[in-house]
Student: 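Below are the structure tokens for one structure; questions will follow.
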Amino acid sequence: MAAASGSVLQRCIVSPTGRHSASLIFLHGSGDSGQRLRMWIKQVLNQDLTFQHIKIIYPTAPPRFKISNDCPEHLESIDVMCQVLTDLIDEEVKSGIKKNRILIGGFSMGGCMAMHLAYRNHQDVAGVFALSSFLNKASAVYQALQKNNDVLPELFQCHGTADELVLHSWAEETNAMLKSLGVTTKFHSFPDVYHELSKPELDKLKLWILTKLPREMEKQQ
């Protein structure tokens with residue numbers, strides 16, 4: 001996940017259809033881009049993922065490292081990327097969006113990155129989602145949470161049982177570990193789904209997003 005320090009992140013944005021009161025940062029997998037992730041979701045849903053009040057940001061990250069649940073994390077490059085994404089969160093906050101109205105998530109390596117970003121650096125965001133993702137056995141995320149006593153953002157995880165690239169068992173292990181460290185989790189398995197996005201999964205994600213980031217009006221009621 002190497003990134004040039006101080007680099008401005010390329011991004012693809014889907015604006016809300018109404019008044020902007022919340023933001024969602026959706027991170028792509030290895031070898032992909034924000035633009036392609038948006039197009040992939042559009043293909044699966046037959047339409048853009050859009051909300052009346054939520055702005056969706058699809059940043060493009062630099063190329064990343066190989067996927068395995070027991071090889072060491074490349075922390076240096078993960079931390080550089082976390083810094084670049086922190087700048088993106090800060091931009092949203094400066095534009096008037098509160099931290100607890102920002103969700104972070106992603107697909108595959110993007111989900112792993114989202115967990116690092118939220119649980120190590122931004123424990124006050126609205127929630128985290130990880131699709132077809134995992135953390136490796138000795139992840140720095142687990143180490144950070146061992147020293148934590150605060151209320152943590154909820155984790156929403158989805159995983160295909162037929163995934164041959166990121167095994168379903170790795171995701172289950174990640175979920176159990178985070179739960180044991182105080183994270184509230186929701187875990188959904190999708191039979192016969194490979195390392196891919198599926199419509200039932202995105203429909204479930206959309207509902208969860210709306211429970212975490214309701215429209216301001218609904219929140220007041």
Student: Got a sec, which residues hit ring pair (Phe, Tyr, Trp, His ring centres under 6.0 Å) with F187, two or more places apart in sequence or on another chain?
Tutor: H168
Student: Has R11 got a side-chain atom pairing as donor or acceptor with G34's backbone, closer than 3.5 angstrom?
Tutor: no
Student: For the residue pair H188 and F190, does the interplanar ring angle fall in the parallel (under 30°), tilted (30 to 60°) or perpendicular (over 60°) class?
Tutor: tilted
Student: Tell me whether L88 shares a hydrophobic cluster with Y119, the cluster being built from Ile, Leu, Val, Met, Phe, Trp, Tyr side chains joined at under 4.5 Å.
Tutor: no
Student: Could you grab the distance from atom CE of M177 to atom CG of N136, nearest 0.5 Å is fine?
Tutor: 11.0 Å
Student: Under 3.5 Å, is there a donor-acceptor pair between the D79 and Q83 side chains?
Tutor: no
Student: Hey, what do you get for CZ (F51) to CD1 (I209), rounding to the nearest 0.5 Å?
Tutor: 4.0 Å
Student: Donor-acceptor pair, E73 side chain versus A140 backbone, under 3.5 Å?
Tutor: yes
Student: Going by heavy atoms in the side chains, are K204 and F156 under 4.5 Å from each other?
Tutor: yes
Student: Can you measure from CD1 (I56) to OG (S23) and round to the nearest 0.5 angstrom?
Tutor: 10.0 Å
Student: What side-chain donor-acceptor pairs closer than 3.5 Å can you find for residues 39-50, not counting sequence neighbours?
Tutor:
unit_1	atom_1	unit_2	atom_2	d
D48	OD1	R38	NE	3.1
D48	OD2	R38	NE	3.4
D48	OD2	R38	NH2	2.6

Student: Is there a donor-acceptor pair under 3.5 Å between the side chain of S108 and the backbone N or O of G110?
Tutor: no
Student: Measure the shortest side-chain to side-chain distance between L117 and T86 over non-hydrogen atoms and say whether it is less than 4.5 angstrom.
Tutor: yes
Student: Looking at K99, K55, K98, which one forms a salt bridge (Lys or Arg N to Asp or Glu O under 4.0 Å) with E92?
Tutor: K55
Student: Looking only at atom types and distance, does a side-chain atom of Q157 sit under 3.5 Å from a main-chain N or O of A171, one as donor and one as acceptor?
Tutor: yes
Student: Are L85 and P59 side-chain neighbours, meaning at least one heavy-atom pair lies under 4.5 Å?
Tutor: yes
Student: Give a yes or no on whether a salt bridge exists between D90 and K94, defined as a side-chain N under 4.0 angstrom from a carboxylate O.
Tutor: no
Student: Please determine whether residues I97 and I13 belong to a single hydrophobic cluster, defined as Ile, Leu, Val, Met, Phe, Trp and Tyr linked transitively by side-chain heavy-atom distances below 4.5 Å.
Tutor: yes
Student: Sub-3.5 Å donor-acceptor pair from the side chain of T184 to the main-chain atoms of E154, do we have one?
Tutor: no
Student: Does the side chain of D124 come within less than 4.5 Å of N100's, by heavy atoms?
Tutor: no
Student: Are any side-chain N or O atoms of H28 and backbone N or O atoms of M109, one a donor and one an acceptor, separated by less than 3.5 Å?
Tutor: no
